[in-house]
Each structure stands twice: as C-alpha cells, then as structure tokens.
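First comes the structure, then the notes that go with it.
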Amino acid sequence: MRIVLAGILALLLSVETTELTGQTLGVVAGLNMSSIKGDAPEKVKWGGKTGLVLGLVGEFRLAKDVHLLLQPTLTRRGSSLHVEVDGQPEPVDSGSVSMDYVSLPVLVKVMAGHHRTFVTSGLDFSVLTGATLKEGSTESDVKDRVEGFDVAVNFGFGVVVFAGRPNVSLELRYSQSLLNLAKSTTTEEALPGRFRSSGFQLVAGVLLPLGGGR
C-alpha cells in the first residue's frame, strides 16, 4: 500500500502547476451490481445483489486526453443466497451477504470522441468496514470471517452526458477482486471457504473544472 501511495504522489508531482488549473473535482453516485464466486457449500448457489456507490472524484491531467482518476468511495458489495431444496424445480432465495468498503479506485482515464467518450482502467484498493450475513430472518455479523483488505482490477467505458460547468458523465465499469476474501479456507454455514467479488458498477459523476479546461 505504501508503494502505491508513493506512486500516486510521484504522478501528482510530475503534473505541472499550470496543468492543474484544467483539472476537475466532483461527486459520484451509482449502483454496484455484484456477486461472489467461490467454494460454496453443498446445494448453495450465489446470485447477484445491488448496493450503492457514493463518493468523491478528482482528475489530474497526465498528458493530452490522459488523466489520473482518484475516486474515494463508500461501496457495498454482496451476493444473494439460493439454496436447492428437494422437490423444488428452482433454488429458493434464502438470504444474502453484504460487505461494506471504503474504496480508492486509482484509474487511468483516456478521453476520445472530442471528449464525449472515455475508457478507464486501473486498480481499486478497498478496506472492509462491515460484513453481514442474512439467512432467512436472521442476520449475523461476519466481518471477522472476511479479509479486511482487497484489491480489484477495474475496466470501464463512459460517456459525457452534458458538457458545461459542471460536466456530467455516466460510466459502466467492471470490477474483479484479485484476492481471496475468506479468512478461513474452511466452508462454514453459507460463506465459501474461498471466494472473490466481481460485478458491474453504473456510476454518474458531476465534475466541476478547476480552471479553463473541459
């Protein structure tokens, strides 16, 4: 983590002061449509679950049409829980797991189409703040069974919906965990012994240029 922060600082210091006047700050909000994949217990399947994404965003120009994107957010990931029941043709929806994170996506954003479209790619560093397992009407705290830190790789495509002051953008982003999130390799109750989180984020951003740039 220290290496990553040092790298970010070096990138920011490499940006000329005159360039900073064309950068943007703003807010983002959206939906995180995620699921977990792993060694599920017998007759248990995991499905999708939708959570919220809320946070801030800052862009720092590295080169023409290339920006460094920092986006600290509060993000909820999770997955629905389905159990196969004898005599039932389809698995029964019986619960879910929710994991709350403070996340810092560090992305490279490349503008295209006269700044009307863009692509993003990079890493998302996340710290777990809470985890809850719901089975039927019972909820339990499972934070101690989930790793406290995660790194995910992100890929996104976006469009500028309105260009002005502020600018408004809409982005669809795919995120895939790179680390095993289970603290124990033993499958207990409904949580897998090994699992990762993945899914799509649909995020809207309202960005205010700091200078004369778009």
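As a basis for the values below, the full set of heavy atoms in this structure was taken, side chains included, without hydrogen atoms, waters or symmetry mates. All figures in this text were calculated on a predicted structure; none of them were measured in a lab.
Between Val66 and Val108, the closest side-chain pair of non-hydrogen atoms falls below 4.5 Å. The closest side-chain heavy-atom distance from Ser79 to Phe195 is not below 4.5 Å. For the pair Leu208 and Leu25, the minimum side-chain heavy-atom distance is 4.5 Å or more. No side-chain heavy atom of Val119 sits less than 4.5 Å from a side-chain heavy atom of Ser121. Between Glu171 and Val28, every side-chain heavy-atom pair lies at or beyond the 4.5 Å cut-off.
Val206 approaches Pro166 most closely through the heavy-atom pair CG1-CG, 3.7 Å. For the pair Ala29 and Leu54, the tightest heavy-atom approach, listed with the atom from each and the gap, is CB-CD2, 3.7 Å. Scanning both residues, Thr24 and Pro209, for their nearest heavy atoms gives CG2-CA, 3.5 Å. Closest approach of Ser177 to Asp150, counting heavy atoms only: OG-OD2, 2.8 Å. Across every non-hydrogen atom of Ser98 and Lys49, the tightest pair is OG-CE, 3.0 Å. Nearest heavy-atom pair across Ser80 and Trp46 is O-CE3, 3.2 Å.
In terms of the salt bridge (Lys or Arg N to Asp or Glu O under 4.0 Å) criterion, Arg196 has no residue partners (sequence neighbours excluded). Asp100 meets the side-chain contact (heavy atoms from CB on, under 4.5 Å) test with Arg76, Thr129; sequence neighbours excluded. When the side chain to side chain donor-acceptor pair (under 3.5 Å) test is applied to Gln176, the partners found at least two apart in sequence or on another chain are Tyr174. For the side-chain contact (heavy atoms from CB on, under 4.5 Å) test, residues two or more places apart in sequence or in another chain that qualify with Leu31 are Thr50, Leu52. In this structure, Phe155 has no ring-ring contact (aromatic ring centres under 6.0 Å, His included) partners at least two apart in sequence or on a different chain. Every residue two or more places apart in sequence or in another chain that forms a side-chain contact (heavy atoms from CB on, under 4.5 Å) with Ser34 is listed here: Asn32, Arg77, Ser197. The side chain to side chain donor-acceptor pair (under 3.5 Å) search around Ser103 returns Ser126, not counting sequence neighbours. Residues passing the salt bridge (Lys or Arg N to Asp or Glu O under 4.0 Å) test with Lys109, sequence neighbours excluded: Glu59. Under the side-chain contact (heavy atoms from CB on, under 4.5 Å) criterion, Val159 pairs with Thr117, Phe157, Val161, Leu170, sequence neighbours left out.
To the nearest 0.5 Å, atom CG of residue Leu68 and atom CD of residue Gln23 are 9.5 Å apart. Here OG1 of Thr120 is found 11.0 Å from CE of Met111. Values are rounded to the nearest 0.5 Å. Taking NZ of Lys183 as the start and NZ of Lys143 as the end, the distance is 8.5 Å to the nearest 0.5 Å. Here the straight-line distance linking atom OG1 of Thr75 with atom CG of Asp124 works out to 6.5 Å at 0.5 Å rounding.
As a member of the Ile/Leu/Val/Met/Phe/Trp/Tyr network built from side-chain separations under 4.5 Å, Leu74 groups with Val102.
Connection of Leu69 to Leu207 is established within a shared hydrophobic cluster, with ILVMFWY side chains joined at heavy-atom distances below 4.5 Å, either directly or through further cluster members. Cluster annotation: Leu123 is connected to Leu179 through the hydrophobic network of ILVMFWY side chains, with a link wherever side-chain heavy atoms come within less than 4.5 Å. Under the 4.5 Å side-chain heavy-atom criterion for grouping Ile, Leu, Val, Met, Phe, Trp and Tyr, Val53 is not connected to Val151 through any hydrophobic cluster. Follow the hydrophobic side-chain contacts under 4.5 Å out from Tyr101 and you reach Leu133 in the same cluster.
Identified under the side-chain hydrogen bond (donor to acceptor under 3.5 Å, both in side chains) test for residues 152-161, with sequence neighbours left out: Asn154-Ser175.
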